[in-house]
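Numbering of ligands and ligand atoms starts at 1, following listing order.
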Amino acid sequence: MPSYVVTGASRGLGFEFIRQLAADPANTVIGLVRDKAAAEAKARAQGLASVHFVEAQYTDLASLKAAAETVKTITGGTLNYLINNAAYVSEVSEWKTLGDFHDNFSTLESDILTSISINTLGVIKTIEAFLPLLQAVTDGPKKAIAITSGMSDLDLINSAGIAVAAPYAISKGALNVAIAKYNALYKGEGILFMGVCPGYVSTERITQEVAEEDKAAMAAMGAGFAKFAPHFKGTILPRESVAGVLGLVHKASVENGDGGAFVSRFGNKTWF
Ligand SMILES: NC(=O)c1ccc[n+]([C@@H]2O[C@H](COP(=O)([O-])OP(=O)(O)OC[C@H]3O[C@@H](n4cnc5c(N)ncnc54)[C@H](OP(=O)(O)O)[C@@H]3O)[C@@H](O)[C@H]2O)c1
């Protein structure tokens, strides 16, 4: 009975992960959320009765360790898949460049620190808390996945000229390095660490109306994506994205040389 913990399971891709995973009654599916009552109400309303929700704050190691103890009582002490999906996507800098903060550097500094504290350190703390459960698996998969972003790919940034959203991209770039470091450390134990980009996906956050002043930056980013990948047609649906990521995650292994990779849902550098 494979077990899954998905962080940031209350909405967006996280909710889609638990929806698809719960469709197989053989899976034990646990969503890590910041507001358990709200997540439970949403899941009930959508017929996801079998999903367990556990509350945690990704910036707080003690809260994550307490969540891991709760997960142990659900799974019997082990965990097959840890999917680190939660992320802070800054509205402060999403459509701004580093140069837009010349007159307000402290705002940029605090935005970079917040992005790193959730998207990089938050994942490192989550892995720290849940690693013993992965290590306790004696027969079956043990995989720690980080949902990262092609926005941290240097070739994409340089070829497409994507200057916006630096704090987010920096935090995901640091996350990619952390995942490679975990692979170097734990591949000998057969634990797969891998960073996967889900594509450009029409979650609620992505489809919300952008401010008038940000529309030019958004159009320029779309044009940059199309220049980098001529087949780029815009966003894909959450169900397509998550089906692709899960297909890759199930197939990937340390033995196949996937450990420490930073790849798209196709298993390569095709981000769109
Ligand atoms: N959508 C895309 O096009 C796209 C592209 C590339 C990569 N990604 C990556 O895919 C993942 C999911 O993206 P998404 O579009 O589904 O994002 P989303 O709709 O904004 O959802 C983000 C999730 O992370 C949690 N979260 C947000 N801010 C947080 C914070 N400050 N502290 C703790 N948790 C926080 C949220 O939980 P709460 O409900 O508790 O706020 C939510 O469940 C992220 O890692 C993102 O970087 C997405």
Throw together a table of side-chain donor-acceptor distances under 3.5 angstrom for residues 219-236, partners on residues two or more places apart or in other chains.
unit_1	atom_1	unit_2	atom_2	d
Lys227	NZ	Ser159	O	3.0
His231	NE2	Phe272	O	2.9

Is there a donor-acceptor contact under 3.5 Å linking the side chains of Thr107 and Asn104? yes
Within the heavy-atom cut-off of under 4.0 Å, ligand 1 is lined by Gly8, Ser10, Arg11, Gly12, Leu13, Arg34, Tyr58, Asn85, Ala86, Ala87, Tyr88, Ile118, Ile147, Thr148, Ser149, Tyr168, Lys172, Pro198, Gly199, Tyr200, Val201, Thr203, Arg205, Ile206
Over all atoms of both residues, closest heavy-atom pair of Ala43 and Phe53: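 Where Ala43 meets Phe53 most closely, the heavy atoms are CB-CE1, 3.4 Å.
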Looking at Ile147, is its backbone amide N or carbonyl O close enough to the side chain of Lys172 to form a donor-acceptor pair, meaning the two atoms are under 3.5 Å apart?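 Present.
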Name all residues meeting the ring pair (Phe, Tyr, Trp, His ring centres under 6.0 Å) criterion together with Phe15; count only those two or more places apart in sequence or in a different chain, and write none if there are none.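 In terms of ring pair (Phe, Tyr, Trp, His ring centres under 6.0 Å), with neighbours along the sequence ignored, Phe15 is linked to no residue.
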With sequence neighbours excluded, what pairs up with Glu69 under the side chain to side chain contact (heavy atoms under 4.5 Å, CB included) test?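 Counting only residues at least two positions away or on another chain, Glu69 forms a side chain to side chain contact (heavy atoms under 4.5 Å, CB included) with Lys72.
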